[in-house]
Number of protein chains: 2
Amino acid sequence: MDTPLSARRLADTAALLADPTRAAICLALLDGRAWTAGELARHAAVAAPTATGHLNRLVAAGLLAEERQGRHRYLRLAGPTAAELVEVLAQFTGGPPPVATSLRAARQSGELARARTCYDHLAGALGVTVTGAMTARGLLDDRHGLALTPAGADWLTATGITVAPARRAAVRACLDFTERRPHLAGAVGAALCAHALTAGWLERRPDTRAVRVTVTGERALHDLLGVRWADVRPAQ
Amino acid sequence: MDTPLSARRLADTAALLADPTRAAICLALLDGRAWTAGELARHAAVAAPTATGHLNRLVAAGLLAEERQGRHRYLRLAGPTAAELVEVLAQFTGGPPPVATSLRAARQSGELARARTCYDHLAGALGVTVTGAMTARGLLDDRHGLALTPAGADWLTATGITVAPARRAAVRACLDFTERRPHLAGAVGAALCAHALTAGWLERRPDTRAVRVTVTGERALHDLLGVRWADVRPAQ
DNA sequence: GGCACGCTTCGGCGCCCGCCGAAGCGTCCG
DNA sequence: CGGACGCTTCGGCGGGCGCCGAAGCGTGCC
């Protein structure tokens, strides 16, 4: 992958995200949901023609997928590979999000810090705590970074969590920005998150990446992993 | 990570590689070695002032690290995080490298396809074969993507391979472009490659990312993993 | 000590990209 | 059916970035 043509193509891929508007669009879509073109335009604070141009470019390049319903055009990240691209760029950029400047913003960033999704896996104090508890119980092994153990594979089966066969890593450590520690990502992380939503342990909040742990979820955290949700706080 | 400032910063990170010259520089440096500024200028087919400008920007952003020796300025990728950024962008870009157009180029691309390094881990038919053999012997588990097994951890210790504690994944699947199948990357992949070079199983070739499997290495492949190196061919 | 080499700084040129208002098209609600 | 809404296309404007030649500085070899 070191020919000039490769360099041209890599540059074209990077150029997709080398614009603040397109970057804002892709970061917004890391919540795993579909957004309309209008919502994305407002979120990125640009006019509709500008958003249309950017969205067309991102779809043509395979970073986003689109779906039309009537007069609405829905966009989402095209898949885990696209999400990982955005995540890796965000991780390299590093640094914590800026300090909240209003009570409402502080409450919202507190909620995001406590429990949210990062494209398709759990993040925030929830994600980091679940990862820590699984490691403590021998379900994950972090001697050489993060890896799934056979006990972990059995636990997943026993809990009814199905991991789709995938080309990507079973477990990947995704650096949690608010907690500054890694949380579980990859195929196993995605399966766990999907199951948590399906089983009703978590539910999404409107218009935000934050998720709410339900009473059923608190019980599941306690019974399955020995975690008391009330004690879980984001890092300062 | 969804504030406008975050989007600006992510765009700035992506912009680092959104230029064919800088992309060519970083792809060249994926061989894990240090190159001089002049070598990188020639490799990227630009004049020295152009290369200097690009290198300054990449160093300032933390993607490259520099070291001066007399009148020479040496550059290398700043670390595994930087390498992963380039790899993930290259993977998303996808597609095989272009067909070789000369006998010499065909021989060189054949050597690259057979055995090379991808920043800090094994790639090519060697990388994919080693990954397959480790999976067949229960040292890696690919039921849910790639993961290290306890038997694998013990095998590493028994073979004298030390995996440095790291924040990154123990094993990560890096899609091999020439073989179109994943090979072992991550902390374990890096440790394996480092050990293979230290133990004399592999040796680097001048001016290329290709590596040569030594007689000692052929024996080690056979004794440790049951692989006959003579039988290993790149995919067509 | 002089000359060559590696690299840097300066100044200028040309091209590309992101932005929006206006106009238009398709959908859908009252 | 008419008007509002979501989104697209067209045309134009302004800013930013990558390139190089010339000149210069520091290193090092003969």
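Here is the naming used below: chain letters follow the sequence lines, and residue numbers restart at 1 for every chain.
Residues A/A37 and A/A51 approach most closely at O-CB, 4.4 Å, considering heavy atoms.
Under the side-chain contact (heavy atoms from CB on, under 4.5 Å) criterion, B/A47 pairs with B/P49, B/T50, not counting sequence neighbours. Partners of A/T13 under the side-chain hydrogen bond (donor to acceptor under 3.5 Å, both in side chains) rule, at least two apart in sequence or in another chain, are B/T93. By the ring pair (Phe, Tyr, Trp, His ring centres under 6.0 Å) test, A/H121 is found to be paired with A/H183, residues two or more places apart in sequence or in another chain being considered. Checked against salt bridge (Lys or Arg N to Asp or Glu O under 4.0 Å), B/R76 has no partners two or more places apart in sequence or in another chain. Remark: B/E218 engages B/V213, B/W229 in a side-chain contact (heavy atoms from CB on, under 4.5 Å) (not counting sequence neighbours). Applying the side-chain contact (heavy atoms from CB on, under 4.5 Å) criterion to B/N56, with sequence neighbours excluded, gives B/T52, B/R73. Applying the salt bridge (Lys or Arg N to Asp or Glu O under 4.0 Å) rule to B/E39 yields no partners; only residues at least two apart in sequence or on another chain are considered. Every side-chain contact (heavy atoms from CB on, under 4.5 Å) that B/R212 has, sequence neighbours left out, goes to B/E203, B/R205, B/T214.
Along DNA chain D, the stretch of nucleotides lying under 4.0 Å from any heavy atom of chain A spans, 5' to 3', D/dA4 to D/dT9.
Residues from residues 54-63 of chain B placing a heavy atom under 4.0 Å of any atom in DNA chain D, listed by number, are B/H54, B/R57. Within residues 32-40 of chain A, the residues approaching DNA chain D are A/T36, A/A37, A/G38, by heavy-atom distance under 4.0 Å.
Contact annotation: A/T21 reaches the phosphate of C/dC19 (side-chain N/O to OP1 or OP2, under 4.0 Å). Remark: B/R71 is not in phosphate contact with C/dA4, judged by side-chain N or O atoms under 4.0 Å from OP1 or OP2.
Evaluation of the side chain to side chain donor-acceptor pair (under 3.5 Å) test over residues 188-202 of chain B, restricted to residues two or more places apart or in two chains, returns none.
Mapping A/A18 and A/H72 onto DNA chain C via the closest heavy atom, the residue that lands nearer the 5' end is A/A18.
Distance, A/R22 CZ to C/dG18 C1': 9 Å, rounded to whole Å. Rounded to an integer number of Å, the gap from B/D19 CG to C/dC16 C1' is 12 Å.
You'll find the side chain of B/V232 stays beyond 4.5 Å of the side chain of B/L221, heavy atoms only.
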